[in-house]
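Scroll down for the structure; my scribbles are underneath it.
Basis for what follows: all heavy atoms, side chains included, without hydrogens, waters or symmetry-related copies. Numbers here are sequence positions counted from 1.
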Amino acid sequence: MTKKILVVDDSKITRRMQKRMIQMLDLSTEVVEAGDGAEALEVLKGQAVDLVLCDLNMPNLDGEGFVRALRGGGETKLPVVVVTSDHSVARSERLIQLGATAYLTKPTSPEKLRDVIYPLLKAA
């Protein structure tokens, strides 16, 4: 069964790179995209996804606000992996407390991405 991943990032280039990495991993996935947290929430109203890869620093609704809105809206099971260039341990711990499932720092590799998302997709 094909799994669906929502990639949320304000950079089209980053979304494209993440999509390519996911395709390279050959995980039988479909990738949908959103340009910020607000757009991601709208996407989630219209379709089910199995995992979210979300940037932290975005306009309109950043990654932290997205996680807060998602978890505050009652969605507790959808895995959310925050992918960011922010290497702050305090920030990653706060995001996990807010409900992020995992925290991955940029730049990332297909192998690092696989190690984080494969178990989450398998469990979904």
Interatomic distance, [X] atom [atom1] to [Y] atom [atom2] [nearest 0.5 angstrom]:
{"X": "C54", "Y": "L70", "atom1": "SG", "atom2": "CG", "value": "9.5 Å"}
{"X": "F66", "Y": "L41", "atom1": "CZ", "atom2": "CG", "value": "5.5 Å"}
{"X": "L113", "Y": "M24", "atom1": "CG", "atom2": "CE", "value": "10.0 Å"}

Check: Ion pair present between K77 and D50, side-chain N to carboxylate O less than 4.0 angstrom?
Finding: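 Result for this pair is no, no salt bridge flagged.
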
Notebook entry, point to check: Between E111 and R114, is there a side-chain N and carboxylate O pair less than 4.0 Å apart?
Noted result: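 Result for this pair is no, no salt bridge flagged.
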
Check: Mind checking whether V116 and V83 have side chains closer than 4.5 Å, heavy atoms only?
Finding: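 Result no, sub-4.5 Å side-chain heavy-atom pair not found.
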
Item checked: Partner set under side chain to side chain contact (heavy atoms under 4.5 Å, CB included) for T76, not counting sequence neighbours ->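 Here no residue qualifies.
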
Note to self: Please enumerate all residues that pass side chain to side chain contact (heavy atoms under 4.5 Å, CB included) together with D36, with sequence neighbours excluded.
What the structure shows: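 For D36 the side chain to side chain contact (heavy atoms under 4.5 Å, CB included) partners, ignoring immediate neighbours, are A38, E39, M58, N60.
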
Heavy-atom donor-acceptor pair, [X] side chain to [Y] backbone, under 3.5 Å:
{"X": "K106", "Y": "T84", "value": "no"}
{"X": "R71", "Y": "E75", "value": "yes"}
{"X": "T101", "Y": "V80", "value": "yes"}

Item checked: Any pair counted as side chain to side chain donor-acceptor pair (under 3.5 Å), so long as it reaches residues 17-34, sequence neighbours left out ->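 Applying side chain to side chain donor-acceptor pair (under 3.5 Å) to every pair that reaches into residues 17-34, excluding sequence neighbours, yields R15-E33.
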
Next item on the list: From the options V31, T108, I22, T14, select the one residue that forms a side-chain contact (heavy atoms from CB on, under 4.5 Å) with L53.
Entry: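 For L53, the side-chain contact (heavy atoms from CB on, under 4.5 Å) test succeeds with only one of V31, T108, I22, T14, which is I22.
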
